Participant: 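Questions regarding the structure given below will be posed in turn.
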Amino acid sequence: MPKNKFQEFIFTILMVFFMVYTMICYNIALNTGGMSNDVFLAAFHELLIMGPIAFVLDFFVVSKLAFAIAFRMVDPEKAHPFHMILSISTASVALMCPLMSLAATILFKNARGQWIAVWMETTVFNFPMAFFWQIMYAGPIVRFLFRLLFPEKEISKAISISQ
């Protein structure tokens with residue numbers, strides 16, 4: 001897990017890419033009636049818009065709230081690391097999914113006078129995919145990549161040198 005602001009920045013960029021790109025693909029597939037190779041390319045266009053929104057929301061607002069919520073669910077001193085990861089991931093999805101669904105509704109859905117209903121529908125469709133994608137794939141992939149970029153030995157070594 002990130003130990004400083006730079007690492008938190010990198011971790012957030014990785015997570016935003018894996019979560020937002022996949023969720024965009026999912027939503028395009030829902031809107032077009034199925035998955036096709038064209039969806040992968042179309043998703044990159046939306047990623048240019050939704051990625052920065054997700055980054056700002058997560059880095060400056062949601063991650064702090066998600067940690068606070070997670071620490072109310074489990075005691076970080078006593079909890080198994082898996083339970084901490086699970087509670088943080090759950091809180092993150094519970095906060096990010098409605099926010100990102102709102103952004104998608106405003107920017108990409110033709111909601112007209114029904115934007116609250118369309119936002120709620122979008123959130124309900126997105127939540128199961130976001131939750132399971134985060135828990136089963138994006139979270140583990142991002143943590144694996146993060147450990148490759150910032151091995152614990154290097155972190156421990158840097159900490160012991162600075163003391």
Side-chain angles (χ1 to χ4, degrees), residues 1-29 35 37 39-104 107-108 122-123 125-163:
M1 296 303 289
K3 305 289 186 207
N4 56 49
K5 282 293 181 190
F6 175 72
Q7 289 181 3
E8 188 179 329
F9 179 82
I10 299 301
F11 187 87
T12 304
I13 287 174
L14 290 169
M15 190 60 76
V16 161
F17 175 78
F18 280 94
M19 283 301 297
V20 174
Y21 180 72
T22 299
M23 293 306 297
I24 291 169
C25 289
Y26 174 70
N27 277 278
I28 291 172
M35 197 66 181
N37 291 335
V39 168
F40 296 112
L41 186 58
F44 277 112
H45 297 292
E46 284 187 32
L47 182 63
L48 295 174
I49 298 165
M50 296 299 282
I53 294 169
F55 179 84
V56 168
L57 285 171
D58 191 40
F59 192 79
F60 294 106
V61 180
V62 171
S63 75
K64 290 163 188 52
L65 289 171
F67 273 85
I69 292 167
F71 291 163
R72 293 178 131 223
M73 289 191 271
V74 295
D75 181 355
E77 300 295 322
K78 298 176 186 172
H80 187 278
F82 176 74
H83 296 138
M84 284 305 307
I85 290 168
L86 189 60
S87 61
I88 294 166
S89 295
T90 299
S92 293
V93 171
L95 295 168
M96 285 295 286
C97 186
L99 292 171
M100 292 303 294
S101 294
L102 178 61
L107 295 171
F108 301 109
T122 303
T123 302
F125 283 145
N126 284 337
F127 189 82
M129 176 63 177
F131 179 75
F132 287 107
W133 179 252
Q134 168 59 240
I135 300 298
M136 303 302 285
Y137 298 101
I141 290 167
V142 168
R143 286 188 299 279
F144 172 77
L145 292 173
F146 186 79
R147 283 190 305 268
L148 286 178
L149 292 171
F150 302 101
E152 279 294 321
K153 291 176 189 171
E154 294 297 320
I155 293 169
S156 299
K157 187 176 170 182
I159 290 170
S160 66
I161 290 171
S162 66
Q163 292 177 350

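It should be emphasised that the depicted structure is a prediction, and the values quoted were computed from it without experimental measurement. The figures that follow rest on heavy atoms only: side chains count, while hydrogens, waters and symmetry mates do not.
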Participant: Quick one: are the ring centres of F44 and Y21 less than 6.0 Å apart?
Facilitator: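 Ring-ring flag for F44/Y21: true, centres closer than 6.0 Å.
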Participant: Of all residues at least two apart in sequence or in a different chain, which pass the side chain to side chain contact (heavy atoms under 4.5 Å, CB included) check with L86?
Facilitator: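 Checked L86 against side chain to side chain contact (heavy atoms under 4.5 Å, CB included); matches are F82, T90, I135.
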Participant: Which pair of non-hydrogen atoms, one from F108 and one from I49, has the smallest distance, and what is that distance?
Facilitator: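 Minimum heavy-atom contact is CZ-CD1, 4.0 Å.
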Participant: Using the rule given for side chain to side chain contact (heavy atoms under 4.5 Å, CB included), can you reason through I28 versus E46, listing the C-alpha separation, both sets of side-chain angles and the distance that settles it, and then say yes or no?
Facilitator: CA-CA 10 Å; I28 291 172; E46 284 187 32; 3.8 Å; yes
Participant: For a quick test of reading the model, state the closest non-hydrogen atom pair linking A66 to I88 and the distance between them.
Facilitator: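 For A66 versus I88, the nearest heavy atoms are CB-O, 4.1 Å.
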Participant: Would you check, one step at a time, whether the test side chain to side chain contact (heavy atoms under 4.5 Å, CB included) holds for K3 with E152?
Facilitator: CA-CA 10 Å; K3 305 289 186 207; E152 279 294 321; 3.9 Å; yes
Participant: What's the verdict on side chain to side chain contact (heavy atoms under 4.5 Å, CB included) for M129 and T22, showing C-alpha distance, side-chain angles and the deciding distance?
Facilitator: CA-CA 9 Å; M129 176 63 177; T22 299; 3.7 Å; yes
Participant: Within this structure, what is the CG-CD1 distance for the pair L145 and I10, rounded to the nearest 0.5 Å?
Facilitator: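 Interatomic distance, L145 CG to I10 CD1, rounded to 0.5 Å: 12.0 Å.
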Participant: CE of M1 to CZ of R143: how many Å apart, nearest 0.5 Å?
Facilitator: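 Reported to 0.5 Å precision, the distance equals 7.0 Å.
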Participant: Looking at M35 and A29, what are the two nearest heavy atoms and their distance?
Facilitator: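 So the minimum-distance heavy-atom pair works out to SD-CB, 3.8 Å.
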Participant: Go through the steps to decide whether N126 and M100 satisfy the test side chain to side chain contact (heavy atoms under 4.5 Å, CB included), and finish with yes or no.
Facilitator: CA-CA 9 Å; N126 284 337; M100 292 303 294; over 6 Å; no
Participant: Which heavy atom of M50 sits nearest to which heavy atom of A104, and what is that distance?
Facilitator: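 Reported closest heavy-atom pair: CE-N, 3.7 Å.
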Participant: Could you grab the distance from atom CG of N4 to atom CZ of F9, nearest 0.5 Å is fine?
Facilitator: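 One gets 12.5 Å once the value is rounded to the nearest 0.5 Å.
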Participant: Quick one: closest heavy-atom pair of M19 and A138, and the distance?
Facilitator: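 Nearest pair, atom of M19 first, then A138: SD-CB, 3.5 Å.
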Participant: Could you measure the distance from the CD atom of Q134 to the SG atom of C97? Nearest 0.5 Å is fine.
Facilitator: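 If we round to the nearest 0.5 Å, Q134:CD and C97:SG are 11.5 Å apart.
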Participant: With a cut-off of 6.0 Å (strictly less than), are more than 12 heavy atoms of other residues, nucleotides or ligands near CZ of F67?
Facilitator: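 Result for CZ/F67: open.
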Participant: To the nearest 0.5 angstrom, please state how far the CH2 atom of W133 sits from the CD1 atom of I141.
Facilitator: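 Rounded to the nearest 0.5 Å, the CH2-CD1 separation comes to 5.5 Å.
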Participant: Which side-chain N or O atoms in residues 51-64 pair as donor and acceptor under 3.5 Å with protein atoms at least two apart or in another chain?
Facilitator:
unit_1 : atom_1 : unit_2 : atom_2 : d
S63    : OG     : D58    : O      : 3.3
K64    : NZ     : F59    : O      : 3.2

Participant: Please report the interatomic distance CZ(F18) to OH(Y137), rounded to the nearest 0.5 Å.
Facilitator: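 Going from the CZ atom of F18 to the OH atom of Y137 covers 14.0 Å.
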